[in-house]
Amino acid sequence: MDIHSTESSSHGRYSVTVDGHEAEMTYSRTSAKLIIIDHTGVPDALRGRGVGQALALHAVEQARAGGWKIMPLCPFFRAQAMRHPEWSDVVNR
């Protein structure tokens, strides 16, 4: 999946389009070292295809590469983080 990243001064978004449907994960940057993931939206047409999981993993990889932490306010991302203890190096629980 080709995930796109956009970021303004304090807000960011990861998005991917699959079969004409767009899914997204949004976040707020509180500092150079912390983002708060606040929303994951996956259209019904894409549910069960691993799109949300791909967005979550992308966020984790970006945090590792950028040296920042993630605070998961989004229920979907929080649930994924609980299933993936190997993300604990970047996810604040």
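For residues 48-77, every residue pair satisfying the salt bridge (charged side-chain N to carboxylate O under 4.0 Å, His left out) rule, not counting sequence neighbours, is listed here: Asp19-Arg49, Arg64-Asp89. For residues 73-85, no pair satisfies salt bridge (charged side-chain N to carboxylate O under 4.0 Å, His left out), with sequence neighbours left out. Sorted by first and then second residue, the salt bridge (charged side-chain N to carboxylate O under 4.0 Å, His left out) pairs with a member in residues 22-41 read Glu7-Arg29, Arg13-Glu22, Arg13-Glu24; sequence neighbours excluded.
Within the 4.5 Å cutoff, no side-chain heavy atoms of Tyr27 are placed close to those of Leu73. Contact annotation: the side chain of Ser15 never approaches that of Ile3 to less than 4.5 Å [non-hydrogen atoms, C-beta and beyond]. Leu55 has its side chain within reach of Val16: a pair of non-hydrogen atoms, C-beta onward, lies under 4.5 Å apart. Contact of the Tyr14 side chain with the Thr26 side chain is not registered, since no non-hydrogen atoms from C-beta on lie closer than 4.5 Å.
Nearest heavy-atom pair, His39 versus Cys74, reported as atom, atom and distance to 0.1 Å: N-CB, 3.6 Å. When all heavy atoms of Phe76 and Gln53 are compared, the closest pair comes out as CZ-N, 3.8 Å.
Of the inter-residue distances, the one linking Thr17 atom OG1 with His4 atom NE2 reads 6.5 Å to the nearest 0.5 angstrom. Here the NE2 atom belonging to His84 is positioned 9.5 Å from the CZ atom belonging to Phe77, to the nearest 0.5 angstrom. Annotation: the span from Ile70 atom CD1 to Gln62 atom CD amounts to 9.5 Å, rounded to 0.5 Å. Between Ser10 atom OG and Ile35 atom CD1 the span is 12.5 Å, to the nearest 0.5 Å.
If you chain together hydrophobic residues whose side chains sit under 4.5 Å apart, Val18 and Val42 fall into the same group. Taking hydrophobic clusters as Ile, Leu, Val, Met, Phe, Trp and Tyr residues chained together by side-chain heavy-atom distances below 4.5 Å, Met71 does not share a cluster with Met25. Transitive grouping of hydrophobic side chains (ILVMFWY, heavy atoms separated by less than 4.5 Å) brings Leu57 and Trp68 into a common cluster. Hydrophobic clustering of Ile, Leu, Val, Met, Phe, Trp and Tyr side chains at less than 4.5 Å, counting indirect connections, keeps Val90 apart from Leu34.
The number of heavy atoms from other shown groups lying within 6.0 Å of CE (Met1) is above 12.
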